[in-house]
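Here the structure is laid out as structure tokens; the discussion comes afterwards.
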Amino acid sequence: MQSQEIRKQFLAFFENKKHTIVPSAPMVIKDDPTLMFTNAGMNQFKEFFLGNKKPKNSRVTDTQKCLRVSGKHNDLEEVGKDTYHHTMFEMLGNWSFGDYFKKEAIQWAWELLTEVFKVDKDMLYVTIFEGDEKEGLQRDTEAYDIWKEFISEDRILNGNKKDNFWEMGEQGPCGPCSEIHVDIRSAEEKAKVPGKDLVNKDHPEVIEVWNLVFIQFNRKADSSLEELPAQHIDTGMGFERLCMVLQNKKSNYDTDVFTPLIREIETITNSKYGKEEEIDIAIRVIADHVRAVSFAIADGQLPSNTGAGYVIRRILRRAIRYGFTFLNEKEPFIYKLVDTLENQMHEAFPELRSQKGIIENVIKEEEHSFLRTLDQGLQLLDNVIAGSKSKTISGKKAFELYDTYGFPIDLTALILSEKGFELDTESFDVELQKQKERSRKATKIETGDWHELIEDDEEEFVGYDMLQTKVKITRYRKVTSKKDGEMYQLVFNLTPFYPEGGGQVGDKGYLEAPNGDVTYILDTKKENNLIIHYTRNLPVNLNATFEAVVDLDSRNNTAANHTATHLLHQGLRTVLGTHVEQKGSLVKADYLRFDFSHYAKVTTDELKQVEEFVNARIREQLPLEENRNIPYQQALNEGAVALFGEKYGDTVRTIKFGESMELCGGTHVKNTADIWHFVITSESAVAAGVRRIEAISAEGAKQYFESQSEAYDKVLAVLKTKNDPIKVITSLQEENMALKKEIEALQKEKAKGLKQEIRNGLEDVNGVKFLAQKVDLDQAALKDMAFELGSEFKNLFALFASENNGKAMLTCYISKELVAEKELNAGQVVRELGKLIQGGGGGQPFFATAGGKNPGGIPEVLEKAKTYIL
Ligand code: ATP
Ligand code: MG
């Protein structure tokens, strides 16, 4: 059965059992500080389990793009080396939110595998949680009793907390689980060792395919477990592993999910899969990583130097490095695989098709730059080897290469061993550990448990209509981090504060207690479904009713910049074309930033047109047309622009100003006239095919014009003119040009005189025309002079010293004949003599220059010069 069909049948099976099929959430997570990437199907439903949000459907099913490369679930180092762990994989799941529990979950999983997919029952084993004394948890006899209805009891195995108690991270929903394992070994192998001895033992042919998790606890900050108000089902089946079983393969990479990519890698790199282990690993790494990186970019996460972007960059670099070392690929090639990937996956994941161009561009550019880094690293490593007295290279040096140049440590070790050197891995590990400790300390956040004051189901956001209202605090907790110190997070029953999101920063403001006490709100953010207000202190009376007040100025300016961002987006699509897509934005009170796909620098003329486009919409005084509750599909049909990698609900909010219509949750002006004026302040590149525009509007634009006007007044004052500074400046420039010419002529005159003087000063020493002299000429004139003398005499050794602005310069010319005959080298001369003026330099054997900061050394230089020909 083809993989496409397997995916469809899974979803159809659960749809039949009254589950609603929902789309995969983005793989890159934007509103949860505890998680960078989706690492399991349950992430997007976490709030349902915790009871912070009510699901619309109590049964859903989906295939979720997951990435396990950081945090609690990190498989990166395994990937490629084994045949069944990926960085990015699809997790097929069915979910019950307080609806059915263990019985149905087990029964249906069994039915699907053995009756629909017809997996041989003799290949299957299941595990149940054996209990854990320390946690005070009992053995899961309930699951055991259900399983034995379907499978013989000797195939039901006990599992410990590590394997059979599922947790998403340090905190959050969790519970015992029951896994289904398949034994795909040959009959011969099976006869030797029974499958049940190999379950959960990292055997590549006895592997877990499906995990049924019975969510019933919440892991709290102090690591204690708390019963959840309801019980839920969360199942996850690895799609690629399922395909392996159903297609009778021994490796995920032999299924049709991967074979097209592997064929393409073989073709491009002229290599063969399945012959040599090292090459196979490299091919698997590349086939796997190109998927992870492409999906991340499609989700809007570009490789970068920090956070999630850095993780993506590291994955791609791992692939490049394997290609470089084992497939001998020294030019970018991974980007060429995107075409194959897109062909294969676009049906289930249409974002791959629409984002293909940018994915290819970004990967290609990253490959280029990392290959350059590798090149540099190789040279640096050569230097390290050349400068080493012993056969062991210190870990500190290797760490420097790794840390500052991103040069992979395994590559360092490999190259060293090829050259008969050894890496001191112990001291490398020490350095690495030190660095990890530093960054852990810097980023560590301690999050306390919530203190609930009032029970409340949903914290309503009223900030589209009100900037001030009465609120009560429903819960709060303390968070401590190195960066921000101690802060409190407050949740209200309702709030006028806009939480950071959609590029727009969070509102600031204050809470006022009835007795006039004020607590400042420093920032507002959304975490999953809660709107969280940050304060330095807790209000004295937590139970009071507060007046919550949003800072008006900063909100208004932010709104102006947000509306301006929409108009800018529209303007760019109008002027540059509809290939322009938003790739990120930042909307603050004082300015806005907008990243978008476009393949060339935006010209000054185009920028002017875009700016004029936006200002024309402002002059048109377009009113805001807002629809807070419109079905997603209808909004798209009406022409609203949606962003990839954003998570949209069934109903969405649309923001329309004239022809500009976007899905957006941000705050906006009531009329474009409120933006007052729009000015683009810069245009630059962020990545291959991604440009960035920064701009200002409203108060920011006003201040900009005011300061321009002030500067203009100052210019007039300095120029002592009332009205036409251009005329004055032009005449100053002309005068300046004329003076320059005059100086040049005088310099030439002077040089002529000097030349004669210098010729007279030439000494005959050992058959060499020798000269060492301090000369008052600039660099260019000195060079001319040296070359002129050089063409006159075939046995010249000339050393000129000059002084300019407190710096010393040396210029050395040695006739080529002399260079050969006496083995002289001007480069070496200036390097050695340069030390006397506290500087250095170099050049060619016949001509070289040096600069230094100590003119006081010049007399000694002139004295020493002669020693070279004695
Ligand atoms: P394993 O022990 O094999 O690493 P796991 O216990 O980490 O698996 P779960 O967290 O229970 O797996 O995830 C549910 C399912 O997702 C697994 O049964 C497996 O089929 C699949 N899965 C987990 N990690 C990966 C991965 N890195 N690549 C591909 N599939 C995976
Ligand atoms: Mg795992």
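Read the numbers this way: they start at 1 and go in the same order the structure lists the ligands and their atoms.
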Checklist line | N or O contact, His85 vs ligand 1, cut-off under 3.5 Å | finding: yes
Checklist line | N or O contact, Glu179 vs ligand 1, cut-off under 3.5 Å | finding: no
Item checked: Phe428 ring center near Tyr402 ring center (under 6.0 Å) -> yes
Item checked: Phe239 ring center near His86 ring center (under 6.0 Å) -> no
Next item on the list: Looking only at non-hydrogen atoms, find the nearest pair between Pro408 and Leu374 and report the distance.
Entry: CD-CD2, 3.8 Å
Check: If you look only at pairs with a residue in residues 104-114, which of them pass as a side chain to side chain donor-acceptor pair (under 3.5 Å), with sequence neighbours excluded?
Finding: Lys17-Glu111
Checklist line | Selection residues 186-195 - residue pairs positive for side chain to side chain donor-acceptor pair (under 3.5 Å), sequence neighbours left out | finding: none
Checklist line | ligand 1 contacted by Phe239 (non-hydrogen, < 4.0 Å) | finding: no
Item checked: Charged N-O contact under 4.0 Å between Lys103 and Glu149 -> no
Margin query: I need the contact type for Trp210 against ligand 1. Using non-hydrogen atoms and a strict under-4.0 Å cut-off, is it side chain, backbone, both or neither?
Written below: backbone
Next item on the list: Please work out whether any backbone atom (N, CA, C, O) or any side-chain heavy atom from C-beta onward of Arg68 is under 4.0 Å from ligand 1, and answer side chain, backbone, both or neither.
Entry: side chain
Using heavy-atom distances only, which candidate in [options] approaches [atom] most closely?
| atom | options | result |
| --- | --- | --- |
| atom 27 (N) of ligand 1 | Asn200, Leu242, Asp288, Asp75 | Asp75 |
| atom 20 (O) of ligand 1 | Ile180, Val69, Asn211, Val209 | Val209 |
| atom 5 (P) of ligand 1 | Met91, His73, Glu90, Glu208 | Glu208 |

Next item on the list: Take Tyr100 and His19 through the test ring-ring contact (aromatic ring centres under 6.0 Å, His included) and record every step on the way to the result.
Entry: CA-CA 11 Å; Tyr100 63 86; His19 290 61; 5.5 Å; yes
Next item on the list: Output the list of atoms in ligand 1 that are nearer than 4.0 Å to some heavy atom of Tyr84, sorted by atom number.
Entry: 28 (N), 29 (C)
